[in-house]
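Let me begin by presenting the structure, written as structure tokens, before commenting on it.
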Amino acid sequence: MVFRICAAAVLSAVLALPARVPITHEHVWLTKRAGAPVPSPDGKWVVFSLTEPAYDESAKVTDLWIVPADGSAPPRRLTAGKGAENGPAWSPDSRRLAFSARREGDQTNQIYVLDIAAGGEAVRVTSLETGAQNPQWRPDGKALSFTSMVGGEAEAAKTRVRVYEGFPIRHWDRWLDRRRIRLFVQELEGGTARDLLSGTQLAAGPGFAGSATLTGEELAHAWTPNGTSLVFAATENRHQAAWAAVVTGLYHIPAGGGEPRRLTPPDARYGRPVFAPDGKSLYALREALGDRAYYLRRIARFSWPDPGAPEILTAEFDRSVAGFALTPDSATLYLLAEDAGHEKLYTLPAAGGPVRPAFDMSSGVYTNLAIPERAPAPALFANWESAVNPAEIVRIDPHSGRHHALSGFNAETAAAIDWQPLRHFTFTSKRGRAIHSMLALPPAFDPAKKYPLFVLMHGGPHSMWRDQVHVRWNYHLLASPGYVVLLTNYTGSTGFGERFAQGIHLDPLAGPAADINEAADEAIRRFAFIDGSRQAAGGASYGGHLANWMQATTTRYKCLVSHAGLINLESQWGTSDAIWHREVSHGGPVWQQGKVWREQNPIRRAADFRTPILLTIGERDYRVPLNQTLENWSVLQRLRIPSRLVVFHEANHWIMQGEDSRAFYKEVLAWLGRYL
């Protein structure tokens with residue numbers, strides 16, 4: 001069948017479209033943010049959290065929403081409490097939903113259960129002074145497990161003095177205290193919460209902990225198929241973090257309590273335990289340990305109920321697994337992994353075999369993959385977004401290689417913005433490495449014009465510029481005054497294999513900076529619309545480190561921007577919340593003054609500083625503490641280099657509040673405008 005389209009009709013339709021508008025900070029900040037999809041076990045419904053941001057933090061709303069899994073109706077709001085709901089979990093019969101929330105009258109978060117089938121209000125089922133998080137249903141639907149941080153409450157109430165005898169003492173934006181994470185089980189009819197780890201030697205050990213997160217601590221856990229016990233991920237050696245890698249392992253504990261049994265050897269980190277729907281296998285993510293700071297996350301499989309040595313299913317797959325899920329028949333694994341600016345969907349036999357792309361993917365990223373374990377046929381749900389499409393809930397059809405949007409909260413706004421998909425290119429560096437980059441173009445882009453180049457450097461370093469909407473460094477908002485933004489995935493980035501990510505071992509700054517400068521040269525050579533005489537560079541965290549290294553090693557940039565960037569490797573080692581990985585990456589402790597400490601420390605090259613630079617920092621940043629920016633500022637003032645210092649009082653390593661974010665972008669764009 002041949003379709004013929006009338007040219008006049010097409011022109012008329014185009015002229016009828018409203019003019020697209022340049023992106024604004026309001027577009028970025030007020031974008032509704034859909035959380036991870038949580039499908040009901042029967043595959044009929046999908047629940048997710050939706051955050052509706054506001055510049056006034058008290059006006060921000062986070063509620064649970066629900067949508068039919070087949071997309072037959074639009075999403076509808078499920079909760080409307082003043083506090084945010086999080087951690088939703090479906091009961092095995094797909095009738096009830098458990099979640100954690102702090103509602104009116106609660107001093108801390110508690111677990112609530114909402115009967116989806118019968119309707120009505122959610123019922124609170126826990127009453128712990130220490131709060132409750134991360135509910136998981138027992139397979140029979142008659143009890144819940146959850147976690148809570150216990151201990152140290154009385155001490156905290158009496159004094160503001162902090163006393164420590166070991167490491168670590170801080171994480172991200174908070175001081176650590178005497179509270180420790182615990183795993184609880186509570187029967188839903190007449191039961192009281194039982195602390196399964198109370199009295200155990202494991203929990204009493206000085207190094208016992210869960211996994212640190214940006215908002216606290218988690219103890220990832222799963223019920224065994226018969227509901228008589230649980231498997232959880234924890235560490236016994238957090239207190240050794242100053243001189244050794246912290247190793248998380250899998251532990252097995254009876255639901256009635258007792259001493260946990262370790263299931264995994266201490267030669268690797270294990271986390272995110274998941275049982276196959278048929279109950280015959282236990283899966284987890286595994287990360288090797290060795291003389292490098294970075295290793296790929298791989299999928300490990302254990303037989304159940306008699307686990308022996310794990311089988312590493314993705315041993316030959318040269319990408320790090322971001323997440324995975326099993327089909328209802330337990331025969332197939334789907335997984336997500338970064339690859340060249342995208343996060344793609346892959347598949348492999350659950351018993352082992354080759355990892356293959358589920359389909360070809362050329363735009364955007366999938367995240368938060370989920371598959372209902374009792375659906376009559378496999379159904380895949382995830383978030384999908386690209387740099388010009390804010391994240392929504394989608395249902396993926398791997399056979400057709402497409403997805404169907406189940407939500408469209410931001411579709412109308414996105415369609416009205418004058419932005420273009422990112423342009424990708426790859427070149428071979430002087431060191432013989434394939435270096436991938438992307439370009440973001442300004443609004444009203446005209447290829448016949450010339451535009452300044454803003455080289456944006458990602459943090460990590462073990463991360464990747466991705467084809468997605470970025471709130472803290474929105475590519476298109478930075479391009480909006482009329483700049484081309486260059487996003488280079490330099491050596492050390494993820495999504496290009498383990499060897500590439502490990503390529504910065506003993507070369508933390510010089511090698512990546514060379515890749516970035518060569519990428520800028522390549523972009524200028526390839527794209528006639530870039531004005532090579534007007535370049536600037538900037539970044540945050542490790543990207544801020546690189547900005548300070550550019551300050552020390554080149555004058556090609558008209559100005560620089562450094563947010564949360566270190567200037568002194570030595571003092572950063574001593575004041576950050578994590579230190580061991582730096583010793584591994586740099587070839588030994590700072591006092592040995594190895595080659596990296598001597599030769600790739602920006603402050604030792606301060607005599608070469610020349611470029612005007614904007615410094616920004618959050619006072620509550622313990623990852624790259626305030627002292628780094630103050631040291632940098634002192635050097636700049638001493639050398640009389642044009643500079644500007646902006647300190648955000650309530651920010652941590654990230655700028656989290658709306659008005660602070662608006663002020664940040666205003667400062668950055670004004671600084672670039674002054675010099676470009």
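- Counting non-hydrogen atoms of neighbouring residues, nucleotides and ligands closer than 6.0 angstrom, the CZ atom of R526 exceeds 12 such neighbours.
- In this structure the side chain of N368 reaches within 4.5 angstrom of the side chain of P37, judged on heavy atoms.
- With values rounded to the nearest 0.5 angstrom, E343 atom CD is found 9.5 Å from L369 atom CG.
- In this structure P372 satisfies the side-chain contact (heavy atoms from CB on, under 4.5 Å) test together with P39, A375, A379, F381, sequence neighbours excluded.
- With respect to the salt-bridge test (charged N to carboxylate O, under 4.0 angstrom), the residues K449 and D531 do not qualify.
- Ring centers of H458 and H470: at least 6.0 Å apart, outside the cut-off.
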CA sep, side-chain torsions, deciding dist, call: F425, L486, side chain to side chain contact (heavy atoms under 4.5 Å, CB included)
CA-CA 11 Å; F425 71 93; L486 175 65; 3.9 Å; yes
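- The aromatic rings of H436 and F496 are tilted relative to each other, their planes meeting at an angle between 30° and 60°.
- In this structure, V67 and A73 approach most closely via the heavy-atom pair CG2-O, 3.5 Å.
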Criterion side-chain hydrogen bond (donor to acceptor under 3.5 Å, both in side chains) on T31 and N410, from CA distance to verdict: CA-CA 7 Å; T31 293; N410 303 294; 4.7 Å; no
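- Within the 3.5 Å criterion, the main-chain N or O of I299 finds a donor-acceptor partner in the side chain of T314.
- How far CH2 of W304 is from CG of L282: 6.0 Å, rounded to the nearest 0.5 Å.
- In this structure a side-chain-to-backbone donor-acceptor pair under 3.5 Å is present from Y665 to N474.
- Taking 4.5 Å as the limit, some side-chain heavy atom of W654 sits within range of a side-chain heavy atom of L214.
- Within the 3.5 Å criterion, the main-chain N or O of A391 finds no donor-acceptor partner in the side chain of R33.
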Between L478 and Y483, is the side chain to side chain contact (heavy atoms under 4.5 Å, CB included) condition met? List the steps. CA-CA 7 Å; L478 292 168; Y483 308 139; over 6 Å; no
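- When every heavy atom of F529 is checked against every heavy atom of L441, the shortest pair comes out as CE1-CD2, 3.8 Å.
- In this structure a side-chain-to-backbone donor-acceptor pair under 3.5 Å is missing from Q136 to W223.
- Contact check for T488 versus V455: no side-chain heavy atoms found under the 4.5 Å cut-off.
- No side-chain N or O of H27 forms a donor-acceptor pair with one of T413 less than 3.5 Å apart.
- For W384 (side chain) and G364 (main-chain N/O), no donor-acceptor pair under 3.5 Å exists by modelled atom type.
- Residues I435 and T491 have side chains in contact (heavy-atom distance under 4.5 Å, counting atoms from C-beta outward).
- Although no hydrogens or angles enter the test, the distance criterion places a donor-acceptor pair under 3.5 Å between the side chain of Y451 and the main chain of D446.
- What you find for P277 and P328 is that their closest heavy atoms are CB-O, 3.5 Å.
- The CD atom of Q535 lies 12.0 Å from the CZ atom of F454; values are rounded to the nearest 0.5 Å.
- Every residue was checked against the side-chain contact (heavy atoms from CB on, under 4.5 Å) condition with S362, not counting sequence neighbours, and none meets it.
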Please lay out, stage by stage, how R286 and D267 fare under the test side chain to side chain contact (heavy atoms under 4.5 Å, CB included). CA-CA 10 Å; R286 178 186 186 273; D267 63 342; 3.7 Å; yes
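- Separation of the W473 and F664 ring centroids falls under the 6.0 Å cut-off.
- For the pair T248 (side chain) and Y270 (backbone), a donor-acceptor distance under 3.5 Å is present.
- Between S363 and D467, some side-chain heavy-atom pair lies under the 4.5 Å cut-off.
- Note: L64 CG to F48 CZ = 9.5 Å, rounded to the nearest 0.5 Å.
- For N517 and Y557, the side-chain atoms include at least one donor-acceptor pair closer than 3.5 Å.
- S40 approaches D42 most closely through the heavy-atom pair OG-OD1, 2.7 Å.
- With sequence neighbours excluded, the residues satisfying side-chain contact (heavy atoms from CB on, under 4.5 Å) with S407 are P75, E392, I393, F409.
- Between D521 and K430, no side-chain nitrogen of the basic residue sits less than 4.0 Å from a carboxylate oxygen of the acidic one, so the salt-bridge criterion is not met.
- Residues R77 and E52 are paired through a salt bridge, judged by an N-O separation under 4.0 Å between the basic side chain and the carboxylate.
- With rounding to the nearest 0.5 angstrom, the CZ atom of R272 is 6.0 Å from the CZ atom of R297.
- Looking only at side-chain heavy atoms (C-beta outward), Y346 and V321 stay at 4.5 Å or farther from each other.
- Rounded to the nearest 0.5 Å, atoms OH (Y475) and CZ (R466) are 8.5 Å apart.
- Salt-bridge formation is not detected for the pair R499/D318: no Lys NZ or Arg NE/NH1/NH2 atom is positioned less than 4.0 Å from an Asp or Glu carboxylate oxygen.
- A387 approaches L422 most closely through the heavy-atom pair CB-CG, 3.7 Å.
- Judged by distance alone, the side chain of H545 and the main-chain N or O of S541 form a donor-acceptor pair under 3.5 Å.
- Taking 4.5 Å as the limit, every side-chain heavy atom of L509 sits out of range of all side-chain heavy atoms of M550.
- Other residues, nucleotides and ligands place no more than 12 heavy atoms under 6.0 Å from the NZ atom of K44.
- S386 places a side-chain N or O within donor-acceptor distance of the main-chain N or O of V388, the cut-off being under 3.5 Å.
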| request: Begin from the C-alpha positions of E518 and R433 and carry the test side chain to side chain contact (heavy atoms under 4.5 Å, CB included) through to its verdict. | output: CA-CA 11 Å; E518 288 181 42; R433 292 173 176 161; over 6 Å; no
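- Taking both residues in full, the closest heavy atoms of L669 and P481 are given as CD2-CG, 3.8 Å, listed atom of the first, atom of the second, then distance.
- With hydrogens and angles disregarded, no donor-acceptor distance shorter than 3.5 Å links the side chain of H476 to the backbone of P22.
- In this structure the side chain of R431 reaches within 4.5 angstrom of the side chain of D515, judged on heavy atoms.
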